[in-house]
Amino acid sequence: MSQMPRQAALPTCPSCAEPLDAGDRFCGACGYDLSAVPARPDDHPTLTMNGSPPPAPAPPAPAPAAPAAAAGPAVSGTGLPAAGTGGAGAGGFGAVGSGAGGAGAGGLGAGGAPVPPPQAAPPAAPPATAPPQGTPPAAPVAPAAPVAASGPSAGPAAPAVTAAPGAAGASGVSGVRFDRPAEPDEYALQAPDPRVAAEAAVVAEATKVCVACRAGRVDDDGYCENCGHAQPRERDHMELESGPMAAVSDRGLRHHRNEDAFGLGRAALPDGSPALVAIVCDGVSSATRPDDASLAASTAAREALLAALPQGTHPQQAMHEAIVAASHAVNALADEPATAREHAPHQNAPACTLVGSVVTAGLLVVGWVGDSRAYWVPADRSSSPARLTEDDSWAAQMVAAGLMNEAEAYADERAHAITGWLGADAYELEPHTASFKPDRPGVVVVCTDGLWNYAEAAEEMAEVLPQDACARPLHSARVLVGHALDGGGHDNVTVAVVPFPAPAEGAGSA
């Protein structure tokens with residue numbers, strides 16, 4: 001009998017090796033579900049989805065069962081689903097939903113495993129396979145009701161496969177991919193981004209570290225988060241070098257803050273010659289906000305001098321006007337809203353002392369209110385130094401009245417009680433000014449009582465001042481402040497060192 005030649009590339013059923021036609025969804029011989037992809041026997045899953053184990057392998061098929069009964073009316077079989085339901089008719093297949101579905105006679109259960117045909121007696125249960133440790137037990141599937149075979153031949157008998165809840169998807173396979181290569185248990189850490197590391201370094205550099213413990217971070221309130229130590233304020237130690245002159249201010253060793261302030265500046269006179277300006281102020285500790293008073297006074301006096309000198313105002317007159325401007329600036333602090341003094345309503349108005357100097361090519365002018373001082377120290381130490389100011393203090397009044405000598409007056413506990421200051425509650429503003437024409441070069445030392453308490457006489461001040469003060473003003477100012485600190489540092493210390501005569505523009509310290 002001649003036959004049509006079979007195509008060499010015709011697909012075959014993976015279950016019974018019978019040829020398949022194009023577009024077949026099920027095998028016509030054994031009823032195998034062609035949409036189901038059997039698991040590879042050599043796969044070893046490494047991950048579990050939703051805690052469900054991979055399906056257990058099907059046990060070997062038993063011997064062929066006895067011939068089925070004659071075909072009769074079709075009776076639908078029903079299986080109990082694990083998560084969804086699927087009905088099956090005679091000779092049909094269990095529909096696969098989100099869980100295992102039931103199967104009819106001669107059909108397939110979940111996962112494409114053949115379902116045994118109807119038997120006279122229920123087939124023996126297959127040997128149970130223990131699930132992996134820690135896996136919830138799978139929901140059992142009730143045996144399907146026996147139905148008459150409707151196909152020409154029944155497939156090989158095999159026990160139904162019990163699927164775990166959620167193990168089968170729409171395609172009838174487990175949600176776990178078995179073709180994935182084995183993966184390591186741990187993954188190497190990703191290399192840090194250099195940009196992130198650079199930003200972290202900038203943040204760490206900007207963070208202030210405690211000066212006491214060198215470990216804690218300084219909070220916004222100025223205290224260490226680790227040891228609680230109060231950190232130095234910006235004004236606790238200040239240094240400034242402006243051309244040929246310099247100034248240094250320090251909190252000292254006994255005060256909790258620096259209530260001194262200074263101002264330096266340079267101006268050009270109408271004839272083009274230079275002028276050097278130095279202002280030093282000392283806040284009155286018994287007054288309210290003495291640090292604000294000294295800062296306001298020094299700033300106002302400096303700006304007034306730098307504005308008046310280029311316009312041709314005589315330096316001595318400019319100094320007088322500068323002290324008046326500083327007095328107005330301090331008085332304005334007392335006129336601020338009540339909220340500025342709500343924490344100390346019983347205290348008096350802000351107050352401070354002031355001493356300043358203007359040095360030109362041939363003139364030296366000083367001005368003061370209070371007990372801050374100015375000294376003249378010639379470059380040639382064979383000449384005598386001099387004190388250029390007179391204190392507004394109780395001791396100075398006693399000496400001027402001839403009631404005490406200087407040693408007795410300054411030994412009294414009332415010696416440093418001032419009789420003149422800048423402030424809204426001052427008795428009367430009496431700016432003192434004086435002008436000098438030294439015949440030799442030298443240095444003007446402008447300072448607060450925090451320094452001259454440890455070098456009161458002009459000879460003592462000249463002895464402490466370095467010989468090269470004209471060439472190294474900043475170094476000299478540091479030496480003077482260090483002398484006060486070595487002596488006890490009982491008060492704030494501020495000093496400005498100004499050379500005379502004022503060098504030409506462009507000439508600075510060596």
Side-chain angles (χ1 to χ4, degrees), residues 249-261 280-288 290-291 293-294 297 323 327 330 346-356 366-377 384-434 445-465 480-481 483-495:
S249 181
D250 192 87
R251 177 172 61 96
L253 305 179
R254 301 296 181 89
H255 281 237
H256 69 284
R257 64 180 175 183
N258 189 3
E259 298 170 353
D260 290 355
V280 170
C281 296
D282 183 1
V284 178
S285 298
S286 59
T288 304
D291 52 338
S294 62
I323 295 176
S327 176
V330 177
H346 60 283
Q347 294 190 13
N348 49 11
C352 69
T353 66
L354 181 147
V355 62
V366 294
W368 73 96
V369 173
D371 61 349
S372 294
R373 296 181 176 179
Y375 292 85
W376 162 257
V377 180
S384 299
R387 195 177 84 189
L388 305 179
T389 60
E390 292 292 337
D391 298 343
D392 288 326
S393 66
W394 181 89
Q397 285 187 344
M398 294 298 103
V399 173
L403 300 176
M404 293 183 180
N405 59 36
E406 191 167 333
E408 294 173 341
Y410 281 99
D412 194 283
E413 61 181 7
R414 298 167 290 180
H416 291 279
I418 58 177
T419 58
W421 62 88
L422 303 180
D425 57 356
Y427 299 121
E428 185 179 357
L429 177 62
E430 295 182 3
H432 309 289
T433 60
V445 177
V446 185
C447 63
T448 62
D449 61 344
L451 172 60
W452 67 254
N453 278 332
Y454 301 97
E456 184 175 341
E459 291 76 14
E460 294 175 329
M461 187 66 69
E463 197 174 311
V464 178
L465 186 70
L480 294 175
V481 171
H483 174 74
L485 298 179
D486 292 341
H490 286 71
D491 200 356
N492 305 145
V493 187
T494 303
V495 59

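Since the model is a prediction, treat every value here as computed from it, not as a measurement. Starting from 1, each residue takes its place in the sequence as its number. We use all heavy atoms of the structure for the numbers below, so side chains are in, but hydrogens, waters and symmetry mates are not.
- Smallest separation of non-hydrogen atoms from G488 and L253: O-CD1, 3.6 Å.
- Annotation: side-chain contact (heavy atoms from CB on, under 4.5 Å) contacts of A395 (sequence neighbours excluded): S393, A409, Y410, A415.
- Between R254 and D491, no side-chain nitrogen of the basic residue sits less than 4.0 Å from a carboxylate oxygen of the acidic one, so the salt-bridge criterion is not met.
- For W452 and H416, the gap between ring centers is short of 6.0 Å.
- At least one donor-acceptor pair under 3.5 Å links the side chain of S294 to the backbone N or O of E259.
- The two atoms that bring A287 and A351 nearest to each other are CB-N, 3.8 Å, heavy atoms only.
- Partners of T419 under the side-chain contact (heavy atoms from CB on, under 4.5 Å) rule, at least two apart in sequence or in another chain, are D392, Q397.
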Using distance only, find each side-chain donor-acceptor pair of residues 420-431 under 3.5 Å and give its atom names and separation, not counting sequence neighbours.
{"from": "W421", "atom 1": "NE1", "to": "D425", "atom 2": "OD1", "distance (Å)": "3.4"}

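- Proximity of D250 to N258: side-chain heavy atoms (C-beta onward) are nowhere separated by under 4.5 Å.
- Contact between R257 and N492 at its shortest, heavy atoms only, is O-ND2, 3.1 Å.
- The two residues S372 and C447 have their closest heavy-atom pair at CB-O, 3.5 Å.
- A side chain to side chain contact (heavy atoms under 4.5 Å, CB included) with C352 is found for exactly one of D282, T448, V369, V330, namely V330.
- Under the 4.5 Å side-chain criterion, counting only non-hydrogen atoms from C-beta, V495 is not in contact with V446.
- Of all heavy-atom pairs spanning A455 and E460, the tightest one is C-OE1, 3.5 Å.
- Rounding to the nearest 0.5 angstrom, the gap separating the CH2 atom in W376 from the CG atom in L388 is 8.5 Å.
- Pairs of residues two or more places apart, or lying in two chains, that qualify as salt bridge (charged side-chain N to carboxylate O under 4.0 Å, His left out) and include a residue from residues 401-419 are D412-R414.
- No side-chain heavy atom of V355 sits under 4.5 Å from any side-chain heavy atom of V366.
- In this structure, the side chains of T353 and I418 come closer than 4.5 Å at one or more pairs of heavy atoms.
- Residue pairs that meet the salt bridge (charged side-chain N to carboxylate O under 4.0 Å, His left out) test with at least one member in residues 367-376, sequence neighbours left out, are R373-D391.
- The backbone N or O of Y454 lies less than 3.5 Å from a partner atom in the side chain of H483, making a donor-acceptor pair.
- Listed by first then second residue, pairs satisfying salt bridge (charged side-chain N to carboxylate O under 4.0 Å, His left out) with a partner in residues 446-459 number zero, not counting sequence neighbours.
- Using a 4.5 Å cut-off on side-chain heavy atoms (C-beta onward), D260 and V493 make no contact.
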### Message
Test side-chain contact (heavy atoms from CB on, under 4.5 Å) on M461 and L451; report intermediate values, then the result.
### Response
CA-CA 9 Å; M461 187 66 69; L451 172 60; 4.0 Å; yes
